[in-house]
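Convention: sequence-line order gives letters A, B, ...; per-chain numbering from 1.
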There are 2 protein chains.
Amino acid sequence: MMKKLQITAQQIMQAALNIAAEKGAGKVTLDAVAKASGLSKGGLLYHFPSKEALISAMVQHLLDDAEKNRCSLAESESSVLVSLLKARRVFTQAVAGNTAMAILAAAAEHPTLLQPIQQHNKKVLAEVLSDPATELETMLLMLASEGLIFQELLSISPFSEAQKTTLEQYMINRAQELTT
Amino acid sequence: MMKKLQITAQQIMQAALNIAAEKGAGKVTLDAVAKASGLSKGGLLYHFPSKEALISAMVQHLLDDAEKNRCSLAESESSVLVSLLKARRVFTQAVAGNTAMAILAAAAEHPTLLQPIQQHNKKVLAEVLSDPATELETMLLMLASEGLIFQELLSISPFSEAQKTTLEQYMINRAQELTT
DNA sequence: AAAACTGTACCGACCAGATGGTACAGTTAT
DNA sequence: ATAACTGTACCATCTGGTCGGTACAGTTTT
């Protein structure tokens with residue numbers, strides 16, 4: 001049988017993301033998300049039993065996305081670090097400016113929700129440090145990549161588009177040199 | 001005799017910072033801040049006519065602090081970049097983990113409040129790029145420094161203390177090499 | 001096959017507590 | 001006295017969340 005038009009979890013998360021991007025992270029309330037996703041509050045809370053659950057799912061989703069992206073790039077790249085840097089570029093473009101700021105801010109209310117991000121970071125770090133000889137240089141490039149992400153996320157980057165592009169290329173070059 | 005005004009403003013901001021650090025950014029409410037700073041809500045709103053004003057002041061204060069710190073270090077350092085990196089170390093230690101997370105999250109509700117941070121970043125960038133020959137390397141180190149700050153701010157750093165210390169030293173060394 | 005039942009997806013009214021903010025009367029310092 | 005300051009009481013609004021109920025597809029019982 002044909003399923004009725006059901007609002008999926010993904011649609012709800014997308015709606016929440018949109019609200020965050022358009023009106024700021026503080027405006028991501030259950031009422032607002034419900035309305036934006038075409039549900040009543042009751043219906044929304046049927047899918048996500050609490051706001052915390054919603055935000056947690058959003059964080060997880062974002063992380064999964066980033067990871068998937070990175071893995072698909074990793075196949076065509078020799079170095080883990082290079083794929084990480086390239087994935088970052090795609091990532092920040094996808095979340096364009098402030099889409100994911102929501103998650104940061106909302107998660108800040110429940111700092112525990114940021115834990116998966118730390119775990120993810122740890123995993124990536126371990127992977128990237130497979131060659132201990134270039135440890136410091138590698139960590140430096142990872143950090144710079146993080147810096148770029150956060151500046152973009154919060155829209156506080158002092159760099160021009162041109163500078164960012166040049167920087168990205170420079171970082172990738174450096175990373176490639178490490179493996180040669 | 002002694003005017004209490006200035007002291008009080010600072011005390012209030014400190015109280016707000018403490019709440020953020022202890023209970024999370026979302027718990028920084030006017031009631032909570034008033035109680036923590038030992039005055040009533042009326043008193044609090046006398047000093048800061050709105051919550052936005054309070055947060056704005058906190059952001060400004062933090063920036064001023066960082067700037068003052070950096071300037072005092074700049075006197076004893078040859079390179080602007082080196083002093084920036086050293087200032088960062090002091091900064092993250094001072095705000096210890098999540099003290100300033102408050103500002104990030106609270107400001108996310110009013111994204112405009114983050115603007116001074118961007119301006120500050122731009123100013124620093126311009127200053128640091130006084131030597132255009134090493135532009136890319138300089139920006140890379142700046143970015144890595146930012147990355148370190150944000151990871152610390154949100155408590156999502158994957159690095160061990162030892163790794164962080166080593167990294168810091170490595171970055172400073174690199175910065176010093178740039179000027180020689 | 002009709003009736004009874006079950007589970008999923010959803011709605012809308014409602015609630016207790018929190019929140020930012022106001023009004024205003026009282027107190028203190030100069 | 002008067003300006004600077006503080007405290008109490010209060011309010012409109014919002015927030016996350018509960019709850020009873022509905023529609024309806026599929027399943028089981030009779």
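For Leu54(B) and dT19(C), the CG to C1' distance is 14 Å, given to the nearest whole Å. A straight line from CG of Asp31(B) to P of dC11(D) spans 16 Å, rounded to a whole angstrom. Rounding to whole angstrom units, NZ of residue Lys35(B) and P of dT19(C) are separated by 11 Å.
Partners of Glu52(A) under the salt bridge (charged side-chain N to carboxylate O under 4.0 Å, His left out) rule, at least two apart in sequence or in another chain, do not exist in this structure. Residues satisfying the salt bridge (charged side-chain N to carboxylate O under 4.0 Å, His left out) test with Lys123(B), not counting sequence neighbours, are Glu67(B).
Side-chain proximity of Ser50(A) to dT8(C), dT6(D), dG17(D): nearest is dG17(D).
The two residues Ala32(A) and Lys27(A) come nearest to each other via the heavy atoms CB-O, 3.6 Å.
Between His47(A) and dC10(C) there is a side-chain N or O to OP1 or OP2 distance below 4.0 Å. Taking 4.0 angstrom as the limit, Tyr46(A) places a side-chain polar atom (N or O) nearer than this to OP1 or OP2 of dA9(C). Side-chain N/O atoms of Thr29(B) include one lying less than 4.0 angstrom from OP1 or OP2 on dT19(C).
Leu45(A) comes within 4.0 angstrom of a nucleotide base, judged by non-hydrogen atoms across all strands.
Lys41(B) contributes no side-chain N or O that forms a donor-acceptor pair with the base of dG7(D) under 3.5 Å.
The local environment of NZ in Lys164(A) is crowded, with over 12 non-hydrogen atoms from other residues, nucleotides or ligands closer than 6.0 Å.
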